[in-house]
Peer 1: 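Just dropping this structure here.
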Amino acid sequence: MAKHLVVSFPWSSDMALKVTNYLLSRGFNVDHVILETKQFPDGESYIRYPVDLSTYESVVIIQRAYPEQDRRLIQTMLAIHAAKDLGVKHAHVVLPYLPYSRQDRRFRDGEPVSLLTILSLINSLGIDSLITVDVHKPEAFTAECGKCVNLEPFALYANYIGSSWGGRPMALLSPDLGSLWRVEKTSKYRGISYSYLEKFRDRVTGEVSMKPKELDVRGKDVVIIDDIIATGGTIMEATKILKSLGAGNVHVIATHCLLLNNADTRILNSGVSSITCTDTVSTNYSVISVVDLIGEALAGRLVP
Ligand code: R5P
């Protein structure tokens, strides 16, 4: 029976242990190890496998790549390269949150398409799969990357909505057109009505504005669903509009909660009743776990 090694960085070991247990429960022969990491005095990254890799068929490298995205991406690449270099046949990489995924096109002349830069670097190391969750734009992620796998958490959201706020008049809202497909998919599981707002972002200052719009939300609780909360500007603008239209409780579910500069406090102060996040980034709001999604995706890719 093939032996596999789930490898985590210290800040991802809670998730890696759960993925390991999932794979064990599915009958795979799996060990888990935490990589040694340190930073050299000049700032460069160091990693080391504290086990002999020669007996393993594959490694699964699990890296929560936020915060410190640049450093953590380099660490990931060092870990992939070392594993392949030390003779492991297969390398699967799990970046539950994929940094640089929002720069998936050239918005202004002279910019890189950063998503493609990151993908081509990781792909060049000879990976078998790169697994992420709710990437900003799946078409851009998979377009030139046959090994890229995007996992969708929308069934989890639908269940969470049903168990947390079921029984009240409710609507789902996408804060922009780009996330409309997310609420559409979530709605399919529960048949809740949904709508969207039109958002504009100043590409230089990053400031967000939204076009006022008539929405059928008076007296209804609204769940805003988005992939990322970064500054919180998007959620706060959407909430302002919802409240002005007479919405009841406004809840927010986001996959990747970066919550920059205490965005959570500002969002809650702006009238949002609750924030719910997944564990792709570790936060106080990470109550929806994507572990089983990741475990399932790996189970379909590891040699039994
Ligand atoms: C953008 O299109 C994304 O889907 C999110 O709406 C955005 O990244 C949120 O950023 P912020 O919280 O800074 O408004």
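Just follow the structure's listing: the first ligand is 1, and inside any ligand the first atom is 1.
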Peer 1: Please identify which atoms of ligand 1 are closer than 4.0 Å to at least one heavy atom of D227.
Peer 2: 3 (C), 4 (O), 5 (C)
Peer 1: As a test of understanding, state which of Y97, Y285, Y66 forms a ring-ring contact (aromatic ring centres under 6.0 Å, His included) with H256.
Peer 2: Y97
Peer 1: For ligand 1, which atoms sit closer than 4.0 Å to a heavy atom of K199?
Peer 2: 1 (C), 2 (O), 5 (C), 6 (O), 7 (C)
Peer 1: Determine whether the side chain, the backbone, both or neither of I235 has a heavy atom under 4.0 Å from any heavy atom of ligand 1.
Peer 2: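 Near ligand 1, I235 shows nothing, with every heavy atom at 4.0 Å or more.
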Peer 1: Select the closest option to atom 14 (O) of ligand 1 among L260, T234, I229, judged by heavy-atom distance.
Peer 2: T234
Peer 1: Is there a side-chain contact (heavy atoms from CB on, under 4.5 Å) between L73 and Y100 once you walk through the steps?
Peer 2: CA-CA 10 Å; L73 283 171; Y100 291 93; 3.8 Å; yes
Peer 1: May I ask you to check if ligand 1 and V208 share an N or O to N or O distance below 3.5 Å?
Peer 2: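 Checking ligand 1 against V208, no N or O pair falls under 3.5 Å apart.
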Peer 1: Compute the shortest N/O to N/O distance between P175 and ligand 1 and return yes if it is under 3.5 Å, no if not.
Peer 2: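 No; the residue has no nitrogen or oxygen that sits under 3.5 Å from a nitrogen or oxygen of the ligand.
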Peer 1: Nearest to atom 9 (C) of ligand 1 by heavy atom, L259, D134, L177, I228: which?
Peer 2: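 Among L259, D134, L177, I228, the closest heavy atom to atom 9 (C) of ligand 1 belongs to I228.
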Peer 1: Does the ring center of Y196 lie less than 6.0 Å from the ring center of W181?
Peer 2: no
Peer 1: Hey, could you give me the CG/CG distance between L258 and D264, rounded to the nearest 0.5 Å?
Peer 2: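 These two atoms lie 11.5 Å from each other.
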Peer 1: Among side-chain atoms of Y157 and D134, is any donor-acceptor pair under 3.5 angstrom?
Peer 2: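 Distance-only check fails for Y157 and D134.
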Peer 1: Applying a heavy-atom cut-off of 4.0 Å, say which part of D226 lies close to ligand 1: side chain, backbone, both or neither.
Peer 2: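 Side chain only.
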